[in-house]
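Order of listing sets the numbers, starting from 1, for every ligand and every atom in it. Just so you know, these numbers use all the heavy atoms, side chains as well, and skip hydrogens, waters and symmetry mates.
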Amino acid sequence: METLLLNENQTQKAGELLKNGELVAIPTETVYGLGANALDAKAVSNIFKAKGRPQDNPLIVHISEFDEIKPLVREIPETAIKLAEKFWPGPLTMIMKKSELIPDEVSAGLDTVAIRMPSHKIARKIIKQAGIPIAAPSANTSGLPSPTTAQHVMNDMNGKISAVVDGGECEVGVESTVITLVTNPPKLLRPGGITFEQLKSVLGEVEIDKAVTKPLEKNAVVASPGMKYKHYSPKTRVIILKGDFEKYKAYLNSKKGENIAALCFEGEEKELDCKSVTYGVKSDDLTQAHLLFYALRKLDELGVETAYARCPSQEGVGLAVYNRLIRAAAFEIIDLK
Ligand code: TXA
Ligand code: MG
């Protein structure tokens, strides 16, 4: 199959393809999504094939107006209305009880559905023009870092999907925050551009799922199936070094002669004696989120065996950066204290 590269003026074409059951990758403010008609079980099952995604990992359904939720869920909780008023459109996904309209392929057999209204202008235009809700996971091959440019999508999906719409770089750079409203109190399943602190400011009490910062225990029941898979991983082995920059630098110096690279903050590379990729400014979690996946893909171009990563703070959007980086590192963390 030839994969068309569409520009931002070709949203109508993208909408038509989606309506006809084809797969189209679309830009959003978080990462690129691999879209299909969420009400068409066959189209949705093709997403799993193109990505090599495990069948038991449910998808997020994207809408362009709040009212489009109504037919998709059994009832709209009060909490969803409050969160939507504050954070939609934007990088927040809410889980609710699903209606009969949602195919099992979307919810992976669960009785819930995840819904998001993206803020990206092109994404919303495409959803509107398609006239249907769009199921879309991140548009990467399962396990690899999520794509934040159309070129990343092409690298993974060329020949496997009908089209990619190029909308430039994704602003946030990590996937949306996922919160379930089915539990009381609501539970944060995946941190993202809307922070834990912001959610609490609207809802009062919010729990954080253990899997956000820790590896899952063997045989644990998972709230979010996506948490249990190896994720966001470049081919290069990544190890996180916890501690200040002086200790980090000393550790890398002790590895002199080995085939390594640094995954560090901007400016630090000048003081290091090895290959390096930077992922944002130390004191600025938004720049880190914006660049993390880009940096992880870049690492694989260096041809090194191991990359040693600086550890981000877990405050604000930093929690999302930390959550993705520990998975990219398969939870290999060395404490330099
Ligand atoms: O920013 C994003 O959310 C991007 C863009 C394209 O919108 N999409 C995205 O989708 O990251 P994906 O499939 O890569 O991640 C969806 C996550 C997975 O961890 C999945 O397990 C979880 O959401 N999820 C989806 N439906 C769920 C449900 N009903 N219950 C629990 N977790 C669910
Ligand atoms: Mg994903």
Which atoms of ligand 1 have any heavy atom of [X] under 4.0 Å away?
{"X": "L110", "answer": "28 (C), 29 (N), 30 (N)"}
{"X": "S138", "answer": "8 (N), 9 (C), 10 (O), 12 (P), 14 (O)"}
{"X": "A114", "answer": "25 (C), 26 (N), 27 (C)"}
{"X": "I95", "answer": "27 (C), 28 (C), 30 (N), 31 (C), 32 (N), 33 (C)"}
{"X": "G33", "answer": "6 (C)"}

Item to complete: Give a yes or no on whether S138 keeps an N, O or S atom under 2.8 Å from the Mg ion (ligand 2).
Response: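 A backbone or side-chain N, O or S atom of S138 is under 2.8 Å from the Mg ion (ligand 2).
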
Worksheet item: Checking R310 against Y248: charged group under 6.0 Å from the ring centre and within 45 degrees of the axis?
Response: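 Because its charged atom sits under 6.0 Å from the ring centre and within 45° of the axis, R310 does stack over Y248.
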
Worksheet item: Is ligand 1 less than 4.0 angstrom away from at least one heavy atom of S107?
Response: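 S107: no contact with ligand 1 (<4.0 Å).
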
Once you restrict to heavy atoms under 4.0 Å, what part of [X] touches ligand 1? Side chain, backbone, both or neither.
{"X": "K98", "value": "neither"}
{"X": "M117", "value": "neither"}
{"X": "T112", "value": "both"}
{"X": "N57", "value": "side chain"}

Worksheet item: Any chance the rings of F265 and Y279 have centres within less than 6.0 Å?
Response: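 So the answer is yes for these two rings.
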
Discussion item. Distance alone, cut at 3.5 Å: any donor-acceptor contact between the side chains of S176 and T30?
Written reply: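 No, T30 and S176 have no side-chain donor paired with an acceptor closer than 3.5 Å.
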
Practice prompt. Would you check if there is a donor-acceptor pair between the side chains of R116 and T28 at a distance under 3.5 Å?
Written response: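 Short answer, yes.
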
Discussion item. Assess the residue pair Y308 and Y251 against the criterion (ring-ring contact (aromatic ring centres under 6.0 Å, His included)); give the C-alpha distance rounded to whole Å, side-chain angles, the decisive distance to 0.1 Å, and a yes or no.
Written reply: CA-CA 9 Å; Y308 291 95; Y251 189 91; 5.5 Å; yes

Fill in: Nearest heavy atoms of P133 and L72, plus distance in Å
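Reported closest heavy-atom pair: CG-CD2, 4.1 Å.
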
